[in-house]
Amino acid sequence: MKRVHSWLLAVCMLAMLLGGCGQDGAKTTEAAGGQEGTPAAGGENAGGQDNAGTGGSALPEFYDLTMTFGAETGSVYAMGIQIGEYINSLEPDITCTVKVGAAASNLSLLSSGDTVIAHSQSDTIHEALLGEGSFPEKLSGFYSVASVMESVLHVAVSSDVPVNSFAELIEQKYPLKVSVGTQGSGIESLFRKILSYYGVTYDDIASWGGKVEYLNIGDASTLFTDGQLNAVAVLAGVPYSSISEIAASREIKLLSLDQEAVDWLCGQGYLSKPIASGTYNGIDTDTASVGVVITVCAGEGADENVVYEITKFLNSPEGIEILGSVNSGFASYMTGPESALAGIEAELHPGAARYYSEAGALAQ
C-alpha cells in the first residue's frame, strides 16, 4: 500500500509541475508576441497589464523604441533622451535608444521601418509628401505626432562683411565663407533653397572665392570666432544661445531676406518669422527671415500605445516643463494640444490622433 501511495504522490507532483510550466510558457509567448505587432487601440499589452495606468493605454511589456533625432549636442536630441526616460518610468523593460539623425534622412528611416520615432520639420515633410527636393518620389510610411518648437533661420555674418541681405550677397558675388550645417540637415536644405531662388549654387560661391562648410554649430562657432569663417547659418529657436555667444565675442549682423523671397519660401512649407531688433547684441534692426516647425513623427509600425504616451508627455505640463529646461524654445512654443497640432501637414499617427481626440483638440 505504501508503494501505491508513493506512486500516486509522484504522479500528482509531476502533474503540478507540468501545469506550472505550461502557464509560464504561455506568458513568455504572449510577451514575445507583443514585440511583433501594434496592439489595438485601447487594448491590453502582452501581459494584460495596464502599465501606463491611463485607462486602456497599455504599453508593451517588451519593445525596442528606437528614436532618431538631431545632432548629439542639440536640444532636439536631448528631447529624445527625455522621451525615453518618461517611457521607461512607465515600463522599465522597454529598450529606448536615441540615435543621431537629420530632418530628411529621418523621414526615410521612418518610412523604411529602421526607426520608430524621429524628428523632422515642416519644410522637409512638405517636400516628402510631394516628392520634391531631397525626395525623388513621394514618401509614405511616416505620420505626425506633435509640433514642439519653431526654428528660425539665422545667418550671422561678421560686421565687416559689406552686405546686409541675401540679395546684396548675390548681387556683389561676395566671397562668403559660411557653415551651412551638416549635410542633409534642415538648415543646409534651406540654405540651398534660398540660393536656388536667386539662381545661385554652392559652386557659384566657390567661384567667387568663398567656401561652404558642413559643420555642426559648435565647430562652426569656433571657426567663426577665430576668423576662419565669416558667416554661420543655423535654424534655431529665438533667441539661440550659440548666436548670443558669438555676438558677445565678435560684432555681427544678420542677413535678411527680401519680401519676395519670404513669400516664395512660405509656399515651400516655411513660415515668415522676423527676428526682432535687440534679440542679439549689436542687432538694432528687425531681420526678415523664415522658420520651420520642428515636428515629432512616428513610423507606420510604431506601437499605438507607445505613441499615445509620447504624445501625452509632449502635451503635458510636466513634459513642457522638462523640455523647457532643455531649451526655452520648447517652452515658448508648447502650450498643449493646440500648438502641437499647428503646422501639421502629414496625417496623425493613430496613437497621436487618439490622444488629441480624448483631449478635445480634434473635431469628432
Interatomic spacing from [atom1] in [X] to [atom2] in [Y] - rounded to 0.5 Å:
X	Y	atom1	atom2	answer
Glu168	Asp258	CD	CG	10.5 Å
Asn164	Thr285	CG	OG1	8.0 Å
Ser151	Tyr333	OG	OH	11.0 Å
Asp204	Ile170	CG	CD1	8.0 Å
Cys297	Gln121	SG	CD	10.5 Å
Tyr86	Ile310	OH	CD1	9.5 Å

May I ask whether [X] and [Y] are part of the same hydrophobic cluster, defined by side-chain heavy atoms of I, L, V, M, F, W, Y residues being less than 4.5 angstrom apart, directly or through others?
X	Y	answer
Leu109	Val307	no
Leu215	Phe191	no
Val232	Val157	no
Leu257	Val161	yes
Ile275	Leu265	no

Please check if the number of heavy atoms outside [X] that lie under 6.0 Å from its [atom1] is greater than 12.
X	atom1	result
Glu251	CD	no
Glu137	CD	no
Glu132	CD	yes

pair [X]-[Y]: side-chain heavy atoms closer than 4.5 Å:
X	Y	result
Met67	Lys99	no
Leu169	Ile205	no
Tyr214	Ser185	no
Glu304	Pro350	yes
Leu323	Met334	yes
Ile322	Phe330	no
Leu59	Tyr308	no
Leu314	Val296	yes

Closest heavy-atom contact between [X] and [Y]?
X	Y	answer
Ala146	Ile344	C-CD1, 4.4 Å
Tyr198	Ala261	OH-CB, 3.8 Å
Ala352	Ser144	CB-O, 3.9 Å
Ile117	Ala298	CD1-CB, 3.7 Å
Val145	Thr311	CG1-OG1, 3.4 Å
Trp208	Tyr174	CE3-O, 3.4 Å

Sort out for me which residue in Leu190, Ile194, Val152, Val293 forms a side chain to side chain contact (heavy atoms under 4.5 Å, CB included) with Tyr270.
Leu190
Partner residues of Lys138 under the salt bridge (Lys or Arg N to Asp or Glu O under 4.0 Å) criterion, sequence neighbours left out:
none
Return yes if some donor-acceptor pair links the side-chain N/O of [X] with the main-chain N/O of [Y] below 3.5 Å, else return no.
X	Y	result
Ser316	Gly319	yes
Thr222	Gly218	yes
Ser221	Ile217	yes
Tyr202	Lys211	no

Would you please say whether a donor-acceptor pair under 3.5 Å links the side chains of [X] and [Y]?
X	Y	answer
Thr201	Asp203	no
Thr66	Asp64	no
Tyr197	Glu260	no
Arg354	Asn305	yes

Begin with the C-alpha distance, continue with both residues' side-chain angles, and end with the deciding distance and a verdict on side chain to side chain contact (heavy atoms under 4.5 Å, CB included) for Ser108 and Phe135.
CA-CA 9 Å; Ser108 296; Phe135 305 92; 4.0 Å; yes
For the pair His119 and Phe69, name the ring-plane relationship: parallel under 30°, tilted 30 to 60°, perpendicular over 60°.
parallel
Here the salt bridge (charged side-chain N to carboxylate O under 4.0 Å, His left out) pairs for residues 169-195, sequence neighbours left out, are Glu127-Lys193, Glu188-Arg192
Tabulate below the donor-acceptor pairs under 3.5 Å that side-chain atoms of residues 71-78 make, not counting sequence neighbours, or state none.
residue: Ser75; atom: OG; partner: Asn327; partner atom: ND2; Å: 3.1
residue: Tyr77; atom: OH; partner: Val98; partner atom: O; Å: 3.4

